[in-house]
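Just below is one structure, and these are the notes that go with it.
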Amino acid sequence: MRLLGLLMVLSFVGCYQVERNCKDYKTGTFYSEIRINDELFKSTFSRTKSLQVEVYNNKTDSSKLRWINDCEVIFKTINPKNMAEQKDIHLKILATTDSSYTFEYSYVGETRKQKGIAYRTN
């Protein structure tokens with residue numbers, strides 16, 4: 001009897017899929033929130049299909065975008081000012097809603113990932 005109950009629960013969980021309408025977030029104006037070690041970091045950015053301009057702590061950074069697929073993109077800083085900015089960033093959209101998306105990102109080739117949420121503002 002327990003086995004039957006367990007199989008029923010697993011069948012419902014197995015059918016659940018996270019919604020990902022990534023195309024809706026390829027362009028637009030957003031703000032994002034990322035929590036690292038209990039500290040919240042916020043930024044605003046505007047994105048076209050090939051360019052993103054981000055403002056964080058009153059600094060503006062621009063990146064070229066290379067979309068791998070509808071849900072994954074590589075950011076390459078246009079005018080890097082230090083070694084860290086020379087590293088490309090890989091971002092993957094994990095889930096979407098009608099006004100936001102949850103994402104994870106890391107430097108290309110690194111396994112340590114951070115997560116955040118971006119909200120559409122336009």
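Each residue takes its place number in the sequence, starting with 1.
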Query - Side-chain touch L51/I78, heavy atoms, less than 4.5 angstrom - result: yes
Query raised in the report: Would you find a donor on one side and an acceptor on the other, under 3.5 Å apart, between the side chain of W67 and the backbone of K49?
Result: yes
Report task. Report yes or no: does N37 contribute a side-chain atom to a donor-acceptor pair with the main-chain N or O of E39 at less than 3.5 Å? Result -> no
Report task. Side-chain contact test, heavy atoms from C-beta onward, threshold under 4.5 Å: evaluate it for V73 versus I68 and give yes or no. Result -> no
Query raised in the report: Is the NZ atom of K76 crowded by more than 12 outside heavy atoms at less than 6.0 Å?
Result: no
Query raised in the report: If you round to the nearest 0.5 Å, how far is SG of C71 from NZ of K26?
Result: 8.5 Å
Query - Verify same cluster id: V55, I89 (apolar side-chain graph, 4.5 Å) - result: no
Requested in this report: Could you tell me the separation between the CG atom of D88 and the CD1 atom of I74, rounded to the nearest 0.5 Å?
Outcome: 6.5 Å
Query raised in the report: Between the main-chain N or O of Y31 and the side-chain N or O of R120, is there a donor-acceptor pair closer than 3.5 Å?
Result: no
Query raised in the report: Say you draw a straight line from OG1 of T44 to OH of Y119; how long is it, rounded to the nearest 0.5 Å?
Result: 15.0 Å
Query raised in the report: Among the clusters formed by ILVMFWY side chains lying less than 4.5 Å apart, do Y105 and F75 turn up in the same one?
Result: yes
Report task. Could you tell me whether a side-chain N or O of E110 sits under 3.5 Å from a main-chain N or O of S106, the two making a donor and an acceptor? Result -> no
Report summary line: Nearest heavy-atom contact between K115 and I34 is O-CG2, 3.6 Å
Query raised in the report: Would you find a donor on one side and an acceptor on the other, under 3.5 Å apart, between the side chain of T77 and the backbone of P80?
Result: no
Report task. Over all heavy atoms of both residues, which pair between L40 and K42 is shortest? Give the atoms and the distance, please. Result -> CD2-CE, 3.5 Å
Query - Side-chain donor or acceptor of N69 paired with backbone N/O of E72 under 3.5 Å - result: yes
Query - Least distance between heavy atoms, T96 atom then C22 atom - result: CG2-N, 4.3 Å
Query raised in the report: If Ile, Leu, Val, Met, Phe, Trp and Tyr residues are connected whenever their side-chain heavy atoms lie under 4.5 Å apart, and connections chain through other members, are I36 and F45 in the same group?
Result: yes
**Report entry** Side-chain heavy-atom pair Y25, I93 within 4.5 angstrom cut-off
**Finding:** yes
Requested in this report: Mind checking the OG-CD spacing from S63 to E54? Nearest 0.5 Å is all I need.
Outcome: 7.5 Å
Query raised in the report: Does F103 share a hydrophobic cluster with Y56, counting links as ILVMFWY side-chain heavy atoms below 4.5 Å and allowing steps through other members?
Result: yes
Report task. Could you tell me whether R35 sits above the aromatic face of F41, with NZ or CZ closer than 6.0 angstrom to the six-membered ring centre and within 45 degrees of the axis? Result -> no
Query raised in the report: Between CG of L94 and CG of L91, what distance do you get to the nearest 0.5 Å?
Result: 8.5 Å
Report task. Decide if atom NZ of K113 counts as having more than 12 heavy atoms of other residues, nucleotides or ligands within a radius under 6.0 Å. Result -> yes
Query raised in the report: Hey, any chance Y107 and L65 share a hydrophobic cluster, counting ILVMFWY side chains that come within less than 4.5 Å of each other, even indirectly?
Result: yes
Requested in this report: Over all heavy atoms of both residues, which pair between S100 and I117 is shortest? Give the atoms and the distance, please.
Outcome: CB-CG2, 4.2 Å
Report summary line: Output for pair (S43 OG, K59 NZ), nearest 0.5 Å, gives 13.0 Å
Query - pair R20-K92: side-chain heavy atoms closer than 4.5 Å - result: yes
